[in-house]
Visitor: 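Right, I'll just put the structure down here and ask away after.
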Amino acid sequence: MTTLDARGISCPEPLIMLKKALKSQTPLTLLVDSKNAYENCELFAKKQGFVVTVQKDSDAYTLHIGAEHE
Amino acid sequence: MITKFKLPLVGALFAIVSVTLVILGNPGNMGLCVACFLRDTAGALGLHSAAAVQYARPEVIGLVLGTLIVSLITREFAPKGGSAPITRFALGACVMIGALIFLGCPTRMVLRIAGGDLNAIVGLFGFVAGIFGGMFFLNKGFSLKRTYAIAKTDGVALPFMSILLLLALIFFPVFLNFSESGPGAARAPLFIALAAGLVMGGVGFISRLCFVAGIRDSVFFKNFSMLSAFVALLVVALIGNLIFGQFNLGFADQPVAHTDGLWNFLGLGLVGFGSVLLGGCPFRQVILAGSGNSDSVAAVFGMIFGAALAHNLGLASSAAGVSDNGPMGFVIAAVVVLAIAVYNTFFNKKRRESA
């Protein structure tokens, strides 16, 4: 499974990475470390119809982005 | 429910605060303008000698400290940096040169439109064009690389300097320059301006209000929530201006503005382009700087430096129009931004691959 590491990368780059990856690499795991990036990416993936689960650790958010809803 | 209306409410609050500050003494359509106020602060510190624009604006001090306080409360204060600070300094300087050719940052662009200043609509087209230009490079892989955790002293440096500036302003004004006429002499009462900054800093931090993101996210990510803040700001400021007689529709005789359409377009175009590469508009950079991001501090220092350059070298426009040196200053700044964009997109590719 693909893992995108977007920790420390400033807005809007994580979203662009995610947007490109969602075209071909789902399911994938995305790591971000700012609340801003996490919220933007979660919203974007959900709007695209993907199932998103989030795990929050002390220094990062891990987003598991699964298959599209039917 | 509240989340859905959060951003329009923030925009409306921004408008109310801005219109009120103008009523209480700030220059026309300049309730809150980050570029103008950083420029005035640069003048207060003697970094440039344009006598008409010198005042350590309490609004900016408030933005930084309001962000600091709220980010400490929400435990989001995070000293971090290391993502090309010198490049960001240069981008900040170029953004400021663009803003001073237009006469305002994106915040003031919206406030100017709400005051009936049609020159700002020309600027808006430039701003959007600049954002498209910046997004072209971002989509091709532009990156200023990662930030890392840094020393706490780096994270609190700007808030600390802001407190020193505030103390000087209140207790030792003899250290600072104050305009006796011109925009720098038009000022709302100190503590009201400070309170306005504190509130908008805190609210700006929580909402992540960003004028570049408003357009960028709508066009490129089909996310219109940030744009809704813009629209609310515009509508509420427009209503406020109509009620209080500050609305004046047209191109000519607008407060602190000129009518040169080409340079209004190009000036804000440069602001849009540079701000997209920085990851946010000047307002957002100040907010990020207050929450511990030293890369944004570098951008803000770059803006202050750019303001000093713009006035010392005669690049800044005035109500009379674009200055003689303005076009050359613009060309140099635009080339610098373009070079940064090209290099960090096409010649700097090592990173990026997934872990």
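Chain letters run A, B, ... following the sequence lines, proteins first and then strands; every chain starts at 1.
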Visitor: For a quick test of reading the model, state the closest non-hydrogen atom pair linking A/N36 to B/R284 and the distance between them.
Guide: ND2-NH2, 3.3 Å

Visitor: As a quick check of understanding, evaluate side chain to side chain contact (heavy atoms under 4.5 Å, CB included) for B/R216 and A/C11, giving each step before the final call.
Guide: CA-CA 11 Å; B/R216 180 192 69 202; A/C11 172; 3.2 Å; yes

Visitor: Locate the shortest heavy-atom distance separating A/E39 from B/R208; write the atom from each residue and the value.
Guide: OE1-NH1, 2.8 Å

Visitor: So what's closer than 4.5 Å to chain A heavy atoms on B/F221: side chain, backbone, both or neither?
Guide: both

Visitor: Could you tell me whether A/D33 and B/R146 make a salt bridge, using a distance below 4.0 angstrom between a side-chain N and a carboxylate O?
Guide: no

Visitor: A/K19 versus chain B, heavy atoms under 4.5 Å apart: side chain, backbone, both or neither?
Guide: side chain

Visitor: More than 12 heavy atoms of other residues, nucleotides or ligands under 6.0 Å from CZ of B/F224: is that the case?
Guide: yes

Visitor: Do you know the tightest heavy-atom contact between A/K20 and B/G141?
Guide: NZ-N, 4.4 Å

Visitor: Considering only heavy atoms, which portion of A/A21 lies under 4.5 Å from any heavy atom of chain B: side chain, backbone, both, or neither?
Guide: neither

Visitor: Work out which heavy atom in A/E13 is nearest to a heavy atom in B/L144; give both atom names and the distance.
Guide: OE2-N, 3.7 Å

Visitor: For residues 84-91 of chain B, which side-chain N or O atoms pair as donor and acceptor with protein atoms under 3.5 Å away, sequence neighbours left out?
Guide:
| unit_1 | atom_1 | unit_2 | atom_2 | d |
| --- | --- | --- | --- | --- |
| B/R88 | NE | B/S83 | O | 2.7 |
| B/R88 | NH1 | B/L278 | O | 3.2 |
| B/R88 | NH2 | B/S83 | OG | 2.8 |

Visitor: The criterion is side chain to side chain donor-acceptor pair (under 3.5 Å); which residues satisfy it with B/S275, sequence neighbours excluded?
Guide: none

Visitor: Determine whether B/K80 and A/S34 make a side-chain contact, defined as any pair of heavy atoms from C-beta on separated by less than 4.5 Å.
Guide: yes

Visitor: For B/L288, which atoms come within 4.5 Å of any heavy atom of chain A: side chain, backbone, both, or neither?
Guide: neither

Visitor: Which pair of heavy atoms, one from A/K47 and one from B/N223, lies closest together, and at what distance?
Guide: NZ-CA, 3.9 Å

Visitor: Which region of A/L31, side chain (C-beta onward) or backbone (N, CA, C, O), has a non-hydrogen atom less than 4.5 Å from a non-hydrogen atom of chain B, or is it both or neither?
Guide: neither

Visitor: What do you reckon, is CZ of B/F220 surrounded by more than 12 foreign heavy atoms closer than 6.0 Å?
Guide: yes

Visitor: Within the 4.5 Å heavy-atom criterion, are A/S10 and B/D295 side-chain neighbours or not?
Guide: no

